[in-house]
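Encoded as structure tokens, the structure appears first; notes follow it.
All residue numbers in this chain count up from 1 along the given sequence. Everything numeric in this text was worked out from a predicted model, so none of it was measured.
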Amino acid sequence: MCIRDRIQDIMQKAKLLLQKFVKRTQDYLTGLQEAFDNKEDCMDREESKSKKEKNSGSPKQAPTAFILFSNERRAKLKGTNPKLTEDDILKQLNNEWKQLPLSQKEAYTEQEWKAKEKFKEEQKQHNEAKKMKEEKSDKLSLIHIS
């Protein structure tokens with residue numbers, strides 16, 4: 001096979017690949033256009049999705065060290081400068097946290113660990129109570145069926 005034949009063969013393969021690429025790109029763009037045209041339908045579906053109901057009796061998640069620090073400092077910042085917006089307060093708290101020495105962060109970290117341990121215990125008790133309630137409910141439903 002001479003070089004000219006090889007070049008022609010490569011050119012044919014390149015044309016086929018280009019045609020496939022153009023076809024796939026057109027299919028992709030058509031799909032995007034259809035999705036854009038149906039965006040109102042999508043939005044309606046998203047609104048109709050029911051959110052997972054939160055169990056009101058479950059214990060509250062343990063705060064992080066930064067949250068504990070923020071809660072403590074936020075009131076002081078608002079007191080010294082009541083005109084600060086929430087965004088400005090958060091930015092300032094973030095900067096203060098970054099500049100806080102590790103020795104001072106350790107106190108908040110220790111509080112975080114204690115809160116996590118307490119949360120785990122409360123969660124365990126809550127799950128046990130929930131399980132017992134479900135078992136009791138199952139037994140009652142069996143009695144009504146009989």
ILVMFWY cluster, L29 and F21 together (side-chain gap under 4.5 Å):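 Looking at the clustering, F21 is in a separate group from L29.
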
Report, one line per pair, each donor and acceptor closer than 3.5 Å where one atom sits in a side chain of residues 61-75; sequence neighbours left out.
from: T64; atom 1: OG1; to: I67; atom 2: N; distance (Å): 3.2
from: S70; atom 1: OG; to: F66; atom 2: O; distance (Å): 2.8
from: N71; atom 1: ND2; to: I67; atom 2: O; distance (Å): 3.4
from: E72; atom 1: OE2; to: Y108; atom 2: OH; distance (Å): 2.8
from: R73; atom 1: NE; to: E96; atom 2: OE1; distance (Å): 2.8
from: R73; atom 1: NH2; to: E96; atom 2: OE1; distance (Å): 3.1
from: R73; atom 1: NH2; to: E96; atom 2: OE2; distance (Å): 3.1

State the [atom1]-[atom2] distance between [X] and [Y], to the nearest 0.5 angstrom.
X: L17; Y: I10; atom1: CG; atom2: CD1; result: 11.5 Å
X: K91; Y: L93; atom1: NZ; atom2: CG; result: 12.5 Å
X: I7; Y: Q12; atom1: CD1; atom2: CD; result: 12.5 Å
X: Q92; Y: L84; atom1: CD; atom2: CG; result: 6.5 Å
X: Q33; Y: Y28; atom1: CD; atom2: OH; result: 12.5 Å
X: Q123; Y: E128; atom1: CD; atom2: CD; result: 11.0 Å

Atom CD of Q125 with >12 non-hydrogen neighbours under 6.0 angstrom: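 Check passes, neighbour count above 12.
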
Verdict with supporting geometry, T80 and K76, side-chain contact (heavy atoms from CB on, under 4.5 Å): CA-CA 6 Å; T80 57; K76 292 177 186 175; 5.5 Å; no

T30 and D27: side chain donor to acceptor below 3.5 Å: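 No, because no side-chain N or O of T30 sits under 3.5 Å from a partner of the opposite role on D27.
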
With K114, the side chain to side chain contact (heavy atoms under 4.5 Å, CB included) member among E117, E110, Q111: E110

Minimum heavy-atom distance between P59 and E122, given as atom pair plus value: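 Scanning both residues, the minimum pair turns out to be CB-OE1, 3.5 Å.
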
Side-chain heavy-atom pair E121, H126 within 4.5 angstrom cut-off: no

From CA spacing to verdict: side-chain contact (heavy atoms from CB on, under 4.5 Å), F119, K60: CA-CA 7 Å; F119 170 75; K60 192 173 179 181; over 6 Å; no

Derivation and outcome, side-chain contact (heavy atoms from CB on, under 4.5 Å), residues N127 and K131: CA-CA 6 Å; N127 289 340; K131 186 176 178 180; over 6 Å; no

